[in-house]
K.L.:
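Below are the structure tokens for one structure; questions will follow.
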Amino acid sequence: MGNIVPSHGAASALPYLTVIILLPIIFGLVVGVLPRDKAIVAKVVGGIGMLATAVLAVAIMFIFATGKSGYQMVTDHTWISQLGISWHFGVDGLSLFLVVLVALLAPIALYGAEEKYRTTSFISWVLILEGACIGSFLALDVFVFFIFFELTLIPTYFMVAGWGGKERGKAALKFFLYTLLGSAFLLAGMLILAGLHQSQTGTLTFDLTALAKTHLTYSTEVLLFLCFSAAFAVKTPIFPFHTWSPLAYKESPIAGAVMLAGVMAKLGTYGLVRFDLTLFPRASYRLAPLFLTLGVIGIIYGAVVAAWQKDFKRLVAFSSLSHLGFVVLGIFAFTVQGLTGGILQMFNHGIVTAAMFLLIGMITKRTGSWQISSLGGIQRVAPVLAGIMMVVVLAGLGLPGLNGFIGEFLILTGTFLIHRWWAVAAAGGVILSAVYLLWAYQRAFHGTPDEGIVSKMKEINFKESMILAPLIALIVLIGVFPAPMLDRITPTVNSIVAHVDSANHVSPPSTGAKSTLSSSNGGGK
Amino acid sequence: MTVSVSWYVILGAILFTIGVVGLLVRRNVLIMLMCIELMLNASNLTFVSFARQHQDVGGQADVFFVLVVAAAEVVVGLAIIVSIFRKRLGATADDLSSMKG
Amino acid sequence: MLATQTLTLPKISYWAIAPEAILVGGALLMLAMSATIRSKIDPAIFSIITFVTSLASIGAGVILYINVLKHGKYLAFDGALSVDGFGIIVGMAVGVAIAIFALGSEGFLSREGWDGPELLALGLLSGTGAELMAMANDLIMIFLALEILSIALYVLAGMDGRRTASGEAAIKYLILGGFSSAIFVYGIAFVYGTTGSTNLAQIAAFFATNLLAHDGLFLVGMTLILVGFAFKVAAVPFHVWSPDVYQGAPTPATSFMASVAKLGAFAALLRVFLSAFISYKQDWQPLVYGIAFASLLLGAFGGLVQNNVKRMLAYSSISHAGFILLGLVVGAELGAQRVVIYLVAYTFIVMGAFSVITVVGGKGDNNHDISNYRGLAREHPWLSGSLALFLMAQAGVPFTVGFVAKFGVLSALASSGGVGSYTLVIVALVSSVISAFYYLRIVVVTYSSPVGIGAIEPEPLVESTHVASELESSKMEELSMEYSALKVAIDYDIEEIERALDESPLEDPIGKVPLSSTIAISISAVATVALGVFPGILFALVSHATFLF
Amino acid sequence: MEHAVIFIPIIPLVSALFLISFGKKLGEPLSGWIATLAVGGSFVASVITWIGVLGSHGIDRTFIQHLFTWLPVGSFQVQMAFQADPLSVTMALFVSGVSTLIHLYSIEYMHGDKDFPKFFIYLNLFVASMLILVLGANLLITFLGWEGVGVCSYFLISFWFERPKAATAGKKAMIVNRIADVGFLMAMFLAFQSIGSLNYSNLISAAPHISHTTLTAIVVLAFVGAMGKSAQFPLFGWLADAMEGPTPVSALIHAATMVTAGVFLMVRLSPLLALAPGAAHFITIIGIITAFVAAAAGTSQNDIKKVLAYSTVSQLGYMFIGVGSGAYVAAIFLMVTHAFYKALLFLSAGSVIHGMNDEQDLKAMGALRALMPMTALAFFVGWMAIAGVPPFAGFFSKGDVLLGAYQQNIFIWLAGVITAGLTSYYMGREFCLAFLGKRRWEEKPKVKKAARSSHAAKEVHPHDPGFKMLGPILLLAGLAVIGGLLNLPFASSLKVLEHWLAPSLGIAPTPLHAASSSVQWVLAVVDAIVALGGGYIAFAIWSKKSKHPELEPVFLQSAWYIDATGNAVVAKSGTRLAEISADVIEPVVIDGAVVGVVNIAKFVGVGLHKIASGFVRREALVIAGGTVILLLAVGIRGGW
């Protein structure tokens with residue numbers, strides 16, 4: 001097997017990772033017991049917790065050593081020895097920016113879309129969700145991953161059920177059950193894998209590194225792969241397991257939608273890379289065409305359906321389906337460019353979707369509606385808000401110079417190397433995303449505003465612009481100068497791709513004139 | 001013809017079956033209780049028969065426990081029946097179906 | 001004639017039955033008090049006595065446990081009782097259940113105006129039976145303990161004289177319980193007939209040295225015993241009584257059935273099948289597999305269409321029974337340990353949930369329709385929060401002890417290997433997702449707008465299925481039940497609701513939550529979370545929960 | 001000195017960022033002046049760079065300025081780098097030069113507009129993007145600019161976003177371009193796969209070593225991208241719609257600069273193109289179809305700007321004929337001169353529109369010659385130049401292209417000449433309708449278009465504009481007259497452009513039948529006669545009478561229904577597809593499957609509910625039955 005998971009990466013003197021996971025959770029619990037009638041206290045305490053987490057995340061980003069593929073800042077303590085479960089965390093190029101994303105989006109989501117009622121508990125839930133997401137991204141023990149993965153459901157459930165729109169009950173229930181059903185298969189797969197490992201080695205463990213060494217027959221590997229993937233496919237969501245998302249995004253409060261689409265969707269794609277590719281490289285490789293196809297269908301279908309949405313939040317849901325299709329494509333391309341693009345695109349999608357939802361929230365707060373049809377001409381009344389929305393839309397449709405392009409381009413480049421026709425089909429999504437985004441923009445922002453809009457719609461205020469500023473800055477910065485991120489992602493990607501390739505006895509696709517002359521098939525099959 | 005132990009066991013089985021069938025076909029709660037008694041006593045007979053076979057006094061002692069339990073069950077059962085059917089005309093089990101599903 | 005045999009009286013070890021003796025003592029004390037003291041006694045006093053008694057019983061259990069840890073397990077009463085980690089831990093769990101029951105009942109008793117100590121005294125007695133079952137090492141002993149447990153429960157079920165359903169529940173439980181007891185005893189008779197003993201250790205010893213030429217009778221006996229246990233733990237298809245009885249019985253009694261009765265029955269079931277009948281594992285394992293399979297699925301699907309919360313939890317407990325039986329399917333000691341964890345976990349979750357339900361039940365113990373939970377979160381955030389916690393724990397959400405329990409059982413099952421086990425793992429997990437639907441349905445309702453908001457009455461979630469309704473309405477109920485099946489609350493905008501409620505607050509049918517209930521709920525909630533986060537405690541505890549063979 | 005290359009795109013970019021922050025405060029006209037100065041600065045930087053490049057010789061004239069690595073991923077390394085070589089410097093010079101003039105013009109033209117500063121932000125952004133496009137050292141940087149100009153074009157077309165037509169036109173331009181851009185993307189993927197780099201230098205050096213098929217595919221795919229941006233058949237509908245934008249925008253983006261990006265790209269890739277004759281033929285054919293179809297459509301338009309739009313499309317077709325025929329220099333030559341005279345024509349048209357209070361209908365004009373003499377003169381110069389009347393610029397540049405075509409295939413030349421006649425004709429028609437004849441605007445009641453600015457509906461008093469508008473017009477007129485000097489055919493030493501560009505271009509395959517100098521003279525004479533003839537016919541027909549319905553058939557007015565067909569096929573069916581997907585497939589099929597599963601669960605639940613009778617005896621029966629089943633199971637296992 002490959003060199004993907006060195007059993008112990010660089011351990012760190014300070015338990016950064018434990019702290020960054022527990023910090024928001026503890027703050028969340030503290031906020032949860034604060035007096036309910038004083039929202040301001042909760043806001044301040046929650047704000048401190050989130051700020052500290054964000055600072056720590058940034059610190060981790062800087063401490064993170066560029067050019068290394070293994071896990072860094074590893075923490076490993078026995079937790080439940082009887083079950084072979086350990087408090088094992090580490091960060092690598094795959095998880096680094098996702099952690100930063102969570103730490104960044106949580107405060108932005110919360111303070112960008114404040115809830116008027118029961119603020120205290122809402123803040124508490126957001127903090128717990130933040131901790132759970134960070135925990136999921138950093139866990140190197142499958143069990144620990146799973147429980148954090150599941151823990152994310154609870155805050156989300158309550159955020160949707162407690163602060164959502166009129167169909168919030170149904171939405172929360174559907175979201176919860178659908179995801180839980182997927183997780184059920186994950187848990188089953190995990191238990192069976194651990195059981196097989198135990199029968200081979202005699203030790204019960206859920207450690208990712210150890211489990212990756214389990215010998216599996218091909219058919220077992222495929223079954224387990226499908227079990228794991230079921231959970232991730234629902235969470236992402238990958239077509240056709242997405243039907244919970246439009247409802248959940250629509251009914252959820254804005255902050256919840258930001259977290260759902262911006263952060264939690266990444267749990268699915270992250271899981272695909274971290275677990276499916278690591279544990280089941282052969283099955284992943286052989287079943288890649290299936291996932292590539294689903295990814296492409298998602299790209300096209302999501303875009304087509306998004307075009308017909310009359311509701312801004314549903315539109316974002318389907319656009320997410322489309323964008324995450326690209327991520328899936330990149331993951332299962334098994335090229336360095338594709339996977340790097342996929343990982344970068346996870347981050348990008350988080351930023352762009354968050355900004356999109358926040359803007360929708362701002363519009364909704366003013367006009368009381370997120371129906372596209374009831375808007376129109378906003379650009380005349382609120383040009384700055386419209387301008388920011390335009391930047392976000394352009395990032396969404398992959399304009400070069402903005403972040404969305406970098407991810408999509410790398411994904412398509414990487415996919416094209418091995419799976420040419422999937423890339424060609426996926427490129428259709430580039431067209432369609434322009435269609436639905438610009439059409440929606442035209443309907444809501446162009447045209448002459450009616451009296452209702454003129455009287456209700458106000459320009460973005462200072463606080464709102466400050467909340468959006470970091471997102472817009474990142475959209476541009478990543479678009480222009482993505483190298484710092486790519487330098488941190490690529491080494492990990494190299495080792496993952498090498499792991500998959502070596503498990504399948506294939507060599508990476510070659511590029512360049514020389515190889516084209518020497519061998520006709522440019523790598524892979 | 002010697003009457004071996006198995007005859008008693010078979011008799012016990014017959015009694016038990018009668019009890020079961022009675023429980024299933026009769027509507028009157030009192031009679032249902034009696035059927036349960038019959039089943040318990042069939043067990044007792046079986047116990048005694050096997051005790052005899054094993055030459056073991058333990059089995060016979062067990063019968064006493066069962067008898068006591070049976071008595072207690074009947075006492076409680078009758079008390080409940082009285083309390084619930086005080087307001088009704090007959091002690092018919094089929095009337096007891098306000099809860100279902 | 002039988003040869004004269006001298007009956008040697010067994011040596012009586014009072015320490016071994018100290019936990020049970022304390023419970024009985026407490027019950028007698030209360031009965032004596034109510035018989036002698038003329039003036040009305042505050043239910044709180046009985047409640048405190050029960051609580052203290054159960055704590056004392058737990059304390060005795062702890063001493064026993066430490067003793068066992070030091071000196072090893074031993075048999076008492078001529079082998080009728082086995083004093084070992086397994087029995088003591090389950091016994092302590094029973095003690096915990098009684099303690100929470102005592103706290104939860106206090107509010108109930110004073111609310112309903114029940115003066116006497118009967119509810120609590122019967123609880124203690126029934127608990128005695130459960131603790132004995134956990135330790136019993138002789139089939140007849142188990143039978144006796146089972147009956148002690150059950151007869152008290154029959155009465156508990158029928159205690160609410162004002163509700164017809166209560167009496168009905170009692171009669172149903174009595175007849176069906178008696179029926180299953182008879183089957184159980186008949187099974188014991190056959191086992192006795194083929195092995196010559198009712199003592200588990202002796203039966204095990206018998207099979208260790210003998211091989212039955214014709215094991216037909218034994219197998220019949222074994223199967224009948226399994227039926228008896230399956231009835232008590234409400235496993236499919238012997239569960240038929242449980243929804244009705246759960247619904248009809250007074251809520252504290254229901255909580256008792258769901259927890260204590262199951263604890264005792266499962267403990268005995270495991271002990272019998274894993275010690276005495278272990279040689280016939282090939283024969284009983286498929287049966288248990290089938291029963292577990294059916295229980296998991298029926299428990300999940302059956303709860304979907306229920307609108308009465310107590311009925312819903314009855315189906316939930318059927319599903320849990322399925323899970324616990326998975327531990328038995330595993331067969332080995334590992335399975336037993338995981339079952340003990342499950343039982344302990346389950347005690348907290350189910351007692352907590354029923355404590356909340358008792359409170360919400362309101363005066364008359366009638367408000368158990370799901371519509372009664374509308375808007376609970378607004379008036380009683382902590383109450384609904386705890387309910388959500390307990391329900392999520394039942395669904396097996398991580399960081400609750402419910403997850404630990406399910407995970408433990410399933411990981412044992414998965415490590416036992418084989419396609420059958422893997423299938424069962426997946427079925428179990430899927431069924432827990434299905435049952436999550438009805439748990440969450442309750443949670444969703446607590447977060448929906450309270451009834452009577454604004455000018456328009458919200459569409460009723462269901463036609464209420466009050467137990468006291470007349471027989472003729474049953475057809476109507478059936479229709480409405482189908483109509484409303486799986487429906488979730490239709491709601492209003494949050495801001496509208498908040499505004500409407502600020503203007504005209506609704507009358508709260510629950511009122512102030514009694515302190516005792518708050519304590520009960522808090523204990524359960526803390527345990528649910530704490531053991532969920534630090535499951536190591538549980539695992540360490542049960543590592544000594546082995547049998548004495 | 002070459003290092004100045006980086007300042008060429010940076011100056012307008014910084015200016016745009018500055019105006020985003022402070023434009024509103026600076027307001028009119030200060031923001032306009034700043035923008036103009038920035039573009040002027042860019043022009044100065046271009047000149048400095050040009051001088052720098054002139055300092056070296058031959059192949060050394062390629063200077064690459066690396067800034068940083070844009071995309072470093074494994075073997076895929078893309079630099080943020082700008083390239084100063086003869087081709088890019090030429091482009092930079094004329095782009096920044098023409099842009100400066102149009103910025104200046106816009107200060108007056110956009111006077112009083114609500115979004116005056118925003119207009120200049122967009123214009124500056126556009127110029128920056130266009131310069132990035134031409135200066136990029138690899139395909140991806142070019143693509144960065146390519147998409148940048150696309151989005152700026154979107155902003156500017158829908159600048160008056162309150163008019164639904166403008167908003168729709170902008171969106172359409174963007175989407176059509178995106179469709180074509182997929183071709184560009186594919187070209188890059190294929191280039192990376194087969195060559196391992198996107199740098200022009202690497203592409204060019206590796207080109208001879210890669211397979212012919214791959215090379216053809218790369219070039220054709222890149223051309224697909226160019227077809228969108230340069231509005232080639234069948235993707236030209238958007239350019240006509242783009243006339244919804246302000247006139248300076250039409251002049252700058254949709255005539256002089258952006259639309260020529262496709263031509264630039266193909267010339268940039270000419271070393272590859274030269275090795276892929278199949279691709280070259282394809283380009284030629286598309287070029288000739290476009291040139292003719294658009295010119296024909298131009299003969300029947302009644303909107304003063306639409307005529308110019310179709311004319312632009314037609315001229316772009318010409319440029320591609322040049323590219324396809326291997327006459328790369330001619331294509332660039334035509335591009336530059338076209339920029340002069342087409343910008344001139346648009347600006348003059350803008351002047352007319354301005355003077356006529358936003359009237360664009362040719363049939364509602366007439367006799368403006370007297371009232372707007374300078375504009376009329378400028379327009380006349382533009383007409384002569386585009387028609388190819390000697391010695392105006394168009395004569396030489398178009399002549400070069402036609403010569404290239406002739407050397408490939410005489411039929412292409414023939415089609416080109418016919419098109420040239422049409423060009424002269426429709427421009428003549430436009431000139432006659434606008435400036436000659438009667439004052440038709442006084443005849444019929446004016447149908448007011450949506451008021452877009454402070455030009456309130458009032459009496460029409462056509463007049464020549466002020467110096468800020470007129471200055472650029474006259475300057476461009478001058479360039480249109482003398483533009484031919486860039487590359488005079490009379491002697492090798494006079495072919496300045498050809499010598500200058502040579503290091504940047506591929507060496508075209510030797511022409512099939514090279515034209516001797518006498519043949520060249522004959523061709524030139526034919527060109528001139530056709531140009532004059534077309535003009536004369538137009539004058540004869542249109543100078544007196546403004547209505548000749550038989551000469552304006554509906555199918556030409558609708559541009560051969562090509563755009564309508566595309567609309568019907570793509571947009572309508574696409575909308576229907578979206579509708580079906582969103583309203584049927586999603587809720588019924590996909591979510592329906594989920595609901596179906598839930599319904600099964602519900603069905604099971606209800607079924608169980610029905611079985612559960614609540615009768616004690618039946619429940620006992622279940623228990624008894626269960627017991628029997630278990631016994632049987634044990635029995636069967638035991639083998640009774």
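A quick note: this is a predicted structure, and the numbers were derived from the prediction, not measured. Naming: A, B, ... by sequence-line order, numbering from 1 per chain.
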K.L.:
Which value, rounded to the nearest 0.5 Å, describes the distance between B/Ile36 atom CD1 and C/Ile175 atom CD1?
P.N.:
6.0 Å
K.L.:
Distance check, rounded to the nearest 0.5 Å: B/Met32 atom CE versus C/Ile171 atom CD1?
P.N.:
9.5 Å
K.L.:
List the atom of C/Gly178, the atom of B/Glu73, and the distance in Å for their closest heavy-atom pair.
P.N.:
CA-OE1, 3.8 Å
K.L.:
State, to 0.1 Å, how close C/Tyr186 and B/Val9 come at their nearest heavy-atom pair, and which atoms those are.
P.N.:
OH-O, 4.4 Å
K.L.:
Could you name each residue pair satisfying ring-ring contact (aromatic ring centres under 6.0 Å, His included) that touches residues 17-50 of chain B, not counting sequence neighbours?
P.N.:
B/Phe47-C/Tyr192
K.L.:
Please report the shortest heavy-atom distance between B/Val76 and C/Val155, naming the atom on each side.
P.N.:
CG1-CG2, 3.5 Å
K.L.:
Only distances under 3.5 Å count here; give the side-chain donor-acceptor pairs of residues 14-22 of chain B to other protein atoms, sequence neighbours excluded, each with its distance to 0.1 Å.
P.N.:
{"unit_1": "B/Thr17", "atom_1": "OG1", "unit_2": "B/Ala13", "atom_2": "O", "d": "2.6"}

K.L.:
Under 4.5 Å from any heavy atom of chain B, what part of C/Phe184 do you find: side chain, backbone, both or neither?
P.N.:
neither
K.L.:
Roughly how far apart are B/Leu40 CG and C/Ile183 CD1, rounded to 0.5 Å?
P.N.:
10.5 Å
K.L.:
Which heavy-atom pair separates B/Ile80 from C/Gly167 by the least distance, and what is that distance?
P.N.:
CG2-O, 4.3 Å
K.L.:
Among B/Thr46, B/Val69, B/Asn44, which residue has the highest count of heavy-atom pairs closer than 4.5 Å to chain C?
P.N.:
B/Val69
K.L.:
If you look at every heavy atom in B/Ser43 and C/Ala189, which pair is closest and at what distance?
P.N.:
O-CB, 4.1 Å
K.L.:
Got a second to check how far C/Glu147's CD is from B/Phe65's CZ, nearest 0.5 Å?
P.N.:
13.5 Å
K.L.:
Could you have a look at C/Gly196, C/Ser197, C/Gly187, C/Gly158 and say which one has the most heavy-atom pairs with chain B under 4.5 angstrom?
P.N.:
C/Gly196
K.L.:
Are the side chains of C/Leu174 and B/Leu33 in contact, using a 4.5 Å heavy-atom criterion?
P.N.:
yes
K.L.:
Using non-hydrogen atoms and a 4.5 Å limit, figure out which bit of C/Ile148 sits close to chain B: side chain, backbone, both or neither.
P.N.:
neither
K.L.:
Looking at chain B, which one of C/Leu139, C/Thr194, C/Ile188, C/Asn199 has the largest number of heavy-atom pairs inside 4.5 Å, strictly under?
P.N.:
C/Ile188
K.L.:
Using heavy-atom distances under 4.5 Å, tell me whether B/Gln53 contacts chain C through its side chain, its backbone, both, or neither.
P.N.:
side chain
K.L.:
More than 12 heavy atoms of other residues, nucleotides or ligands under 6.0 Å from CZ of C/Phe206: yes or no?
P.N.:
yes
